[in-house]
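Letters go in sequence order (proteins before strands), and every chain restarts at 1.
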Amino acid sequence: MSNVHERLRRLLFLVPYVSKNPGVTVEALARALNVSREDLLEELDLLTCVGRPPFNPDDYIDIYVDNDRVYVDLDQRLFAPPRLTAGEAAALAASAELLRPAAGDALQSALQKLERVLPPQVRERYREMYRKIDASAEAPQALGPLTRAILERREVTFGYASPGRPAEPRQVRPYELLSHRGQWYLQGFCHTRQDSRLFRLDRMEDIVITDTPFVLPPDARADVPNPARSRSEDSVRVRFSPVAAPYVKERFGQDARPLADGGVEVLVAGDSERWLTQWVLSFGGEAEVVEPVSARAAVARAARASIGL
Amino acid sequence: MDRTERILDLVALLLDAREPISWAELREHFPSDYGGSDDAAERKFERDKAELVELGFPLTYVQGDDERRDGYIVDRDAYYLPEADLTKEELAVLYAAGSAALASGVFPGRDDLAHALRKIGFFAGQSLPTPRVRMELGAVQEGQVKEVSARLEQLWDACAARKWVEISYASPKHPNATQRRVDPYGLALRRGVWTLVGHCHLRGGLRTFHVHRVRELKVNTARPRTPDFQVPEDFSLDSHVAYFPWQHRFHEPVEVVLRLSGTLASRASGLFPGATLEPMGEGLTLAKLRVSFLDGLARFCLSLGADCVVEGPESARSRLREMAARVANRHADALEGKVTA
């Protein structure tokens, strides 16, 4: 898209936005438009030259900054933004698919309402474009109640299952949902463990939203699980065959060290034996733990257990 | 006059007009812009008109009659965004998903999405929900985000305008890059990976491409407003992009039965969506699923551990045993003793 097009879209939103929010601060307006303060001031300058012929004084947009706040006195009929274009609606609808099926009825009805505010002549084009992005992530049902609990700032309880152990009850302040490589996690403060924790949504059962409110800490942010970035003294050395090497290189980049036989080796965090074992097994024999021996033994035990030994 | 300024002037003029505005009037109103030779002026106005239409500005030309003169007119009702009356929940879903997609840095149509979010938030004022959903996509390494984001944006535009693209593509399996011309039919996100599906001229058929593996990409710039191809009516992204490793269409599909026990039994529907599940009591669940890539399933089952057992067919059982034996033998010295599959 050209710069002119982007700029026009921004300006056609800017005037109505100020018209609806008179006295909005320069900072807030810049944030709403995702532009820098300087760029915004330049846009406002340009708008003072915009109007309709015959360009009498009253025919110009009268928009100005006073005491770092923005006002518009004459909007020249730009009091509401244009309707959604086919592309805008399609991108929005496609992104909403990320939360399907967790969003349930709310998503369905939102999309129907969205379609109603499209100009009739672009509806067909919208439907055509919407079909061209398929972002229907495998969103687990648990996303629905958890999103609500986060928004309403209410604690949740659920059973959390670890492999080989029965589900354990947890009470958690839900802070943030994170999708990483297609896996969904909840980050929050766990009362049971008295610490911040990351929970996999597919291991939760019987989620209940309680009436216990909580205050969201401003810096709550989940750390992305990245085994290659959390190396420590307990790191585990894993070697991959030449068959698996290209895929491992693609994921680990420079962190995958080439070997003479065409394979690669990576160092990953060794603090979760369970995760490591699962990960090595998922390569179906193309990966081997080099050290430590304890991790080698864990993988061997798991592989033998799979064939009933 | 600056082009942005002229187009905004046109918007203000046309939104205010009660009568159609003729081309002659427009030339009078903008003498320095639409002056000069007739041809040059008309071409300039045609470009402006195309931009207005692109912005969603409902501009039409009416032929005059006794009542009305010839000229351009705008349907104001079709221009202004009406309130969509979204409920709190609906707004939260759209906003959380849209913001997460934008923040991920890699979502096709990001500019469109950013504008759409602003517009749906227009009537909500201060009551916009704070999104607490984040997405990090797989396969894209930190340094690559910008590049993948730019490719997705180009592909989104090419899909929308139906223009072919020229790509240089290399995969781990075939590391030597090939140049291909592709008609992009659509983009799908599966387990954090964006896939382009389209007609590949080099192979003469439908192919899928992981967007992060596209090295170079050029969109056909000739005749930008004329589509280069049609997407077949019966085309569906879903039937070309696998959700799970066992769904890659490498072989004739077979039905595989899995026996899940322990904690896997209650998680069966999440682990194998779409599978037919039969609870057997006593913490056992049978899962039946169609598999077109046996190795993909075997690797996944192996990673689930001993609580996931392949019941049949025999080909699937033996494949899993072979793999497990291979892993066990590679690590045999840690426990002593070789294993036979």
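- Taking the six-membered ring where the residue is Trp, B:His240 and B:Phe235 present parallel rings, their angle staying beneath 30° rather than reaching 60°.
- At a 4.5 Å heavy-atom cutoff, the contact between B:Arg76 and chain A is made by side-chain atoms alone.
- With a 4.5 Å cut-off on non-hydrogen atoms, A:Val122 does not touch chain B at all.
- Interface residue B:Ala84: backbone and side-chain heavy atoms are both found under 4.5 Å from chain A.
- The minimum heavy-atom distance between A:Met129 and A:Gly87, with the atom names listed, is CE-CA, 3.5 Å.
- Top candidate by heavy-atom pairs under 4.5 Å with chain A, chosen from B:Arg317, B:Arg162, B:Gln154, B:Arg319, is B:Arg162.
- Surrounding CG of A:Asp105 are at most 12 heavy atoms belonging to other residues, nucleotides or ligands under 6.0 Å away.
- A:Arg125 touches chain B through its side chain: at least one heavy atom from C-beta onward sits under 4.5 Å away, while N, CA, C and O do not.
- Heavy-atom pairs under 4.5 Å with chain B were tallied for A:Thr147, A:Thr85, A:Leu107, A:Leu92; the largest tally goes to A:Leu92.
- Between chain A and the options B:Asp75, B:Leu187, B:Asp2, B:Val327, the largest number of non-hydrogen pairs under 4.5 Å is found for B:Leu187.
- Side chain of A:Lys113 to backbone of B:Leu86: no donor-acceptor contact under 3.5 angstrom is found.
- Looking at A:Glu128, only its side chain comes within 4.5 Å of chain B, counting heavy atoms on both sides.
- For the set B:Gly262, B:Ala160, B:Gly109, the entry with the most heavy-atom pairs within less than 4.5 Å of chain A is B:Ala160.
- Between chain A and the residues B:Gly56, B:Pro108, B:Ala306, the most heavy-atom pairs under 4.5 angstrom are made by B:Ala306.
- Both the backbone and the side chain of A:Asn34 have a heavy atom closer than 4.5 Å to some heavy atom of chain B.
- In this structure, chain B has heavy atoms under 4.5 Å from both the backbone and the side chain of A:Arg77.
- With a 4.5 Å cut-off on non-hydrogen atoms, A:Leu201 does not touch chain B at all.
- Here the CG-CG distance, from B:Asp111 to B:Leu102, works out to 9.0 Å after rounding to the nearest 0.5 Å.
- Contact annotation for A:Pro174: neither backbone nor side-chain heavy atoms come within less than 4.5 Å of a heavy atom of chain B.
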- Query: Could you walk me through whether A:Tyr130 and A:Glu97 pass the side-chain hydrogen bond (donor to acceptor under 3.5 Å, both in side chains) check?
  - Reply: CA-CA 10 Å; A:Tyr130 176 25; A:Glu97 292 288 339; 2.4 Å; yes
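- Side-chain atoms of A:Ser241 and A:Glu286 form a donor-acceptor pair, as typed in the model, at a separation below 3.5 Å.
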- Item | Stepwise salt bridge (Lys or Arg N to Asp or Glu O under 4.0 Å) test for B:Asp112 and A:Arg9 | CA-CA 10 Å; B:Asp112 278 342; A:Arg9 286 211 281 186; 2.8 Å; yes
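- Considering only heavy-atom pairs separated by less than 4.5 Å from chain A, the leading option among B:Leu155, B:Leu304, B:Asp16 is B:Asp16.
- With a 4.5 Å cut-off on non-hydrogen atoms, A:Ile133 touches chain B through its backbone and its side chain both.
- Remark: the backbone N or O of A:Arg200 is paired with a side-chain donor or acceptor of A:Tyr160 at under 3.5 angstrom.
- Heavy atoms of A:Pro81 lying under 4.5 Å from chain B belong to its backbone as well as its side chain.
- For a residue to count as touching a neighbouring chain, one of its non-hydrogen atoms must lie under 4.5 Å from one of that chain's; by this rule B:Phe30 touches chain A with the side chain only.
- Between chain B and the residues A:Pro54, A:Ala93, A:Ala32, the largest count of heavy-atom pairs under 4.5 Å involves A:Ala32.
- Using a 4.5 Å cut-off between heavy atoms, A:Phe55 touches chain B through its side chain atoms alone.
- Only the side chain of A:Leu216 has a heavy atom closer than 4.5 Å to any heavy atom of chain B.
- Here the closest heavy-atom approach between residue B:Gly283 and residue B:Ala265 is recorded as O-CB, 3.3 Å.
- The contact between B:Val11 and chain A is made entirely by side chain atoms (from C-beta outward), counting heavy-atom distances below 4.5 Å.
- Looking at heavy atoms from C-beta onward, B:Trp194 lies out of side-chain contact with B:His210 at the 4.5 angstrom threshold.
- Ion pairing of B:Glu153 with B:Arg110 is absent here, as no side-chain N (NZ or NE/NH1/NH2) approaches a carboxylate O to less than 4.0 Å.
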- Task: Check the pair A:Glu43 / A:Arg7 against salt bridge (Lys or Arg N to Asp or Glu O under 4.0 Å), numbers first and verdict last.
- Result: CA-CA 9 Å; A:Glu43 303 292 43; A:Arg7 204 168 172 204; 2.8 Å; yes
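- There is no contact between A:Leu118 and chain B, counting heavy-atom distances below 4.5 Å.
- The contact between B:Asp77 and chain A is made entirely by backbone atoms, counting heavy-atom distances below 4.5 Å.
- Of the two parts of A:Ala287, only the backbone, made up of N, CA, C and O, holds a non-hydrogen atom closer than 4.5 Å to a non-hydrogen atom of chain B.
- Ring-centre distance between B:Phe300 and B:Phe244: not below the 6.0 Å cut-off.
- Here B:Tyr80 and A:Phe79 bring their ring centres to under 6.0 angstrom of each other.
- The candidate with the highest count of non-hydrogen atom pairs below 4.5 Å against chain B, out of A:Gln76, A:Lys132, A:Arg83, is A:Arg83.
- Counting heavy-atom pairs under 4.5 Å between each of A:Gly308, A:Ala96, A:Pro82, A:Ala297 and chain B puts A:Pro82 at the top.
- Proximity of a side-chain donor or acceptor of A:Arg296 to a complementary backbone N or O of B:Arg330 within less than 3.5 Å is detected.
- No donor-acceptor distance shorter than 3.5 angstrom exists from the side chain of A:Asp59 to the backbone of A:Pro53, with no hydrogens or angles considered.
- Residue with the most contacts toward chain B among A:Leu111, A:Asp75, A:Asp202: A:Asp202 (heavy-atom pairs, distance under 4.5 Å).
- In terms of heavy-atom pairs under 4.5 angstrom with chain B, the leader among A:Cys49, A:Pro119, A:Ala305 is A:Cys49.
- For B:Ser171, no part lies under 4.5 angstrom from a heavy atom of chain A.
- The cationic group of B:Lys119 does not satisfy the cation-pi geometry with A:Phe13, failing either the under 6.0 Å distance to the six-membered ring centre or the 45° limit from the ring axis.
- With a 4.5 Å cut-off on non-hydrogen atoms, B:Val309 does not touch chain A at all.
- Neither the backbone nor the side chain of A:Ala302 comes within contact range of chain B, judged by heavy atoms closer than 4.5 Å.
- At a 4.5 Å heavy-atom cutoff, the contact between B:Ile120 and chain A is made by side-chain atoms alone.
- A donor-acceptor contact closer than 3.5 angstrom is absent between the side chains of B:His331 and A:Glu288.
- When B:Gly186, B:Ser303, B:Cys308 are compared by the number of non-hydrogen pairs under 4.5 Å with chain A, B:Ser303 comes out ahead.
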